[in-house]
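The figures here come from the full heavy-atom set of this structure, side chains too, leaving out hydrogens, waters and symmetry mates. Lettering follows sequence order; numbering is per chain, from 1.
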Amino acid sequence: MIKAVRGTRDLLPPDTALWNFVEKTVREVFEAYNFQEIRTPIFEETQLFSRAVGEETDVVSKEMYTWEDGIKAADYAVYKKWITARNPNVKAWQGINPNAASPAAPLPTWHENGQDYFVFSYRLTPEVMNELKKAAVFRDKGILSFNNLRLVTAQAIPDTVRFDVENLSVICETLPVDTRPIWQTLRPENTAGVVRAYIEHKLEKRGLNKLYYIGPQFRRERPQKGRYRQFYQIGAEIIGPKSAGSESPVRDAEILEMLATLLDRLGIKGWTLEMNSVGSSAERVKFNEALRVALEPVKDKMCADCQRRAVTNPLRVLDCKVPEDQPIIEKLPRISQFLDEDSRKHFDQVQEILKAVGVEFQINDRLVRGLDYYTRTAFEFTHGALGAQNAILGGGRYDGLSESIGGPPAPGIGFAIGEDRLVMTLQETMGSVQQKADVYIAPLGNGMNIEAARLARELRRGNLVAELGDETFRLKKSFETADKIGARYILIVGENETKSGVFALKNLATGEQVSVPRSELAVKIKG
RNA sequence: GUGGGAAUAGCUCAACUGGCAGAGCACCGGACUGUGGCUCCGGCGGUUGCGGGUUCGAUUCCCGUUUCCCACCCCA
């Protein structure tokens with residue numbers, strides 16, 4: 001049996017009704033704040049994400065669905081030549097026919113900058129495949145993950161396998177434009193796509209843009225409760241030229257207040273808004289340096305994770321939850337000490353407005369964000385009932401993002417809601433929402449299907465939810481079905497009714513049955 | 001990617017130290033020919049995730065594998 005692939009799932013009724021409720025509420029609330037919907041493609045050029053989200057982030061370095069597109073077979077000569085020229089140690093090209101099996105040939109590899117590289121594009125036999133499998137985690141198609149590299153296949157394994165070297169971006173820049181492979185990636189988040197569209201369509205000429213989106217995103221990470229490889233996000237962005245007010249703390253507060261309103265409208269209880277200012281990118285560089293210095297003498301006493309983070313990403317040390325580390329973390333410098341006057345004023349005013357409009361929040365000066373593009377205000381809404389993943393949404397300001405991917409200056413702020421998790425919390429509080437029919441139409445006796453179909457069309461055109469039976473069903477079965485689908489009324493279409501034009505309509509909840517002339521049916525059922 | 005747990009009917013779950021694969025719900029039919037919810041009776045439903053091994057015999061024990069769940073890593 002073919003099953004949904006790992007980490008993906010079908011959303012079935014009646015759950016889909018809950019999803020629709022969420023999305024309908026989102027549209028109503030967001031549009032009240034004058035946001036308009038944007039739909040961007042679900043895949044983009046890989047470099048959009050690596051530049052916007054950050055080359056070194058986990059999202060980009062190992063958790064994206066990526067493939068190569070746009071390189072022709074003939075162009076491999078150029079590709080190959082370039083690789084060989086750059087890596088004189090690669091001798092393995094000799095004797096490798098891309099189209100022939102090479103069972104005995106060892107994998108061509110070389111070592112550089114502490115990294116193992118494999119060369120791409122040749123045919124693998126089952127024997128070679130088995131060798132590979134020993135050293136690798138096997139995926140059916142598309143990608144083989146090794147410890148230090150990823151292997152991307154153009155076609156189904158185990159036929160032709162192409163190896164993606166890790167320094168791919170360099171290759172892309174050096175190859176002639178017309179032979180450059182275009183790497184494409186399923187979007188792991190939507191902000192980069194929105195900003196790309198903003199730049200591409202010169203939306204800055206329209207002043208302040210308030211855009212929202214609802215849609216699937218993709219990450220190749222290990223599935224867990226509420227974490228899927230295809231997951232859904234709801235998000236909104238305010239972006240525009242500074243002169244249109246996009247940098248104003250009014251926007252930060254507006255977004256936060258809108259989110260509080262949304263959660264209340266959805267009936268989600270017990271959420272907490274935590275926020276912090278992570279400063280401008282210049283301020284963060286200083287802060288990072290200070291953290292590194294402060295960590296140097298104490299990191300040996302910390303947990304293994306923190307020792308690693310102290311080197312790779314000092315900011316994340318602040319996130320550590322290990323109890324023994326807390327006293328050390330308490331003594332580390334705080335980003336607030338590095339904010340300049342503008343940043344501090346900005347953050348102060350956000351808080352002032354929130355207090356004025358009555359939105360409760362907590363300052364969490366250890367809140368940091370994982371993506372490179374965030375500046376100044378960063379926030380999270382958390383909810384207790386979510387296990388290890390207690391954040392249902394997160395976001396922040398990204399004043400430099402547009403410029404970092406080649407656009408005009410365009411300060412902005414946005415957020416993304418994990419819709420899967422949001423729906424999950426709603427399921428716990430609301431249970432399921434069953435779609436209910438207004439009326440079940442029960443044709444009774446030979447030839448009654450025709451009249452029943454006519455009636456169904458009339459009632460449905462009157463905006464009623466009508467389910468239609470079949471003349472071969474016994475009346476008892478029709479009643480049972482009507483109950484099962486939660487119909488409020490059952491309409492009996494028998495010979496007597498058809499002849500007289502007066503139909504038997506029974507209220508299934510009260511048991512009351514009345515005779516109703518054809519023309520009054522819709523009104524009676526609605527009433 | 002790491003560690004732990006699990007997988008049996010459409011759903012929720014049983015099956016003792018290895019011995020005929022079961023129940024409830026759901027579904028279909030009947031009691032009941034144009035009047036439902038209740039009740040009673042009957043029926044359908046399975047390659048026990050997949051592949052191998054041990055055994056006279058495996059849902060049960062062992063190995064591999066896939067998927068899900070929980071936690072870690074990480075994160076909107």
Side-chain angles (χ1 to χ4, degrees), chain A residues 1 3-9 12 53-54 56-63 133 136-140 145-148 150 187-192 213 217-229 231-236 303-306 308-309 312-313 316 319-322 368-371 373-374 378-382 387-396 414-422 440 442-445 448 471 473-487 489-497 504-513:
Chain A
M1 186 177 56
K3 292 190 280 192
V5 302
R6 181 178 198 198
T8 68
R9 59 174 178 162
L12 305 172
V53 177
E56 298 308 317
T57 61
D58 251 42
V59 174
V60 167
S61 63
K62 65 177 192 202
E63 291 179 351
K133 278 195 205 168
V137 178
F138 182 73
R139 306 268 164 242
D140 286 345
S145 288
F146 290 71
N147 291 336
N148 287 323
R150 187 168 298 168
R187 62 186 188 195
E189 55 97 51
N190 216 331
T191 298
Y213 59 84
Q217 319 290 337
F218 305 84
R219 280 195 202 167
R220 223 192 105 266
E221 59 185 0
R222 188 145 173 171
Q224 219 182 111
K225 190 180 182 67
R227 315 182 79 174
Y228 302 93
R229 289 183 164 191
F231 58 102
Y232 294 83
Q233 283 190 338
I234 297 167
C303 67
D305 286 332
C306 282
R308 181 175 46 75
R309 290 179 186 129
T312 58
N313 195 349
R316 297 226 74 89
D319 256 357
C320 178
K321 309 215 163 53
V322 177
V368 290
R369 308 257 73 203
L371 307 187
Y373 54 61
Y374 284 112
F379 57 87
E380 266 177 16
F381 283 71
T382 57
Q389 287 76 51
N390 63 351
I392 48 179
L393 71 91
F415 61 85
I417 304 172
E419 190 176 3
D420 303 78
R421 283 191 210 167
L422 185 65
Y440 182 87
L444 190 65
M448 290 301 117
E471 64 186 31
F473 294 167
R474 288 170 307 109
L475 195 55
K476 177 184 164 67
K477 179 188 164 97
S478 291
F479 268 88
E480 284 168 352
T481 308
D483 281 328
K484 201 162 59 191
I485 64 171
Y489 285 95
I490 183 164
L491 175 65
I492 297 166
V493 184
E495 217 164 319
N496 298 338
E497 285 84 356
L505 183 69
K506 185 169 185 176
N507 184 313
L508 284 161
T510 64
E512 179 202 12
Q513 181 166 330

Whichever of A/Gly418 and A/Lys484 has its nearest RNA chain B nucleotide further upstream toward 5': A/Lys484
Any donor-acceptor N/O pair under 3.5 Å between B/C68 base and A/Arg9 side chain: no
Nucleotide-resolved protein contact map, nucleotides 32-40 of chain B, B/S/- at heavy-atom distance under 4.0 Å: --BBBB---
Inter-residue atom distance A/Phe473.CZ - A/Glu480.CD, 0.5 Å rounding: 11.5 Å
Donor-acceptor contact present, side-chain A/Glu471 to main-chain A/Met448, <3.5 Å: yes
Between P of B/C74 and CD of A/Gln217, the distance in whole Å: 22 Å
Quiz item: A/Arg222 side-chain donor-acceptor pair to B/U2 base, under 3.5 Å: yes
Donor-acceptor under 3.5 Å (A/Arg229 side chain, A/Glu221 main chain): yes
Atom pair CZ (A/Phe231) and CZ (A/Arg9), whose distance is rounded to the nearest 0.5 Å: 12.0 Å
Interatomic distance, A/Phe381 atom CZ to A/Ile392 atom CD1 [nearest 0.5 angstrom]: 8.0 Å
A/Arg227 CZ to B/C74 P, straight-line distance once rounded to whole Å: 11 Å
Separation of A/Leu444 CG from A/Arg474 CZ (nearest 0.5 Å): 11.5 Å
Atom P, compared across B/A15 and B/G49: separation rounded to whole Å: 15 Å
Pairwise P distance for B/U60 and B/G53, with rounding to whole Å: 14 Å
Flag, side chain of A/Arg421 to backbone of A/Ala391, donor-acceptor distance under 3.5 Å: yes
Sugar-phosphate only, base, or nothing, as touched by A/Gly414 at under 4.0 Å among non-hydrogen atoms: nothing
B/C50 OP1/OP2 closer than 4.0 Å to side-chain N/O of A/Lys3: no
Separation between CD of A/Glu497 and CG of A/Leu491, rounded to the nearest 0.5 Å: 8.0 Å
Range-with-range stems of RNA chain B (Watson-Crick or G-U pairs under 3.5 Å, three or more in a row): B:1-7 with B:66-72, B:10-13 with B:22-25, B:27-31 with B:39-43, B:49-53 with B:61-65
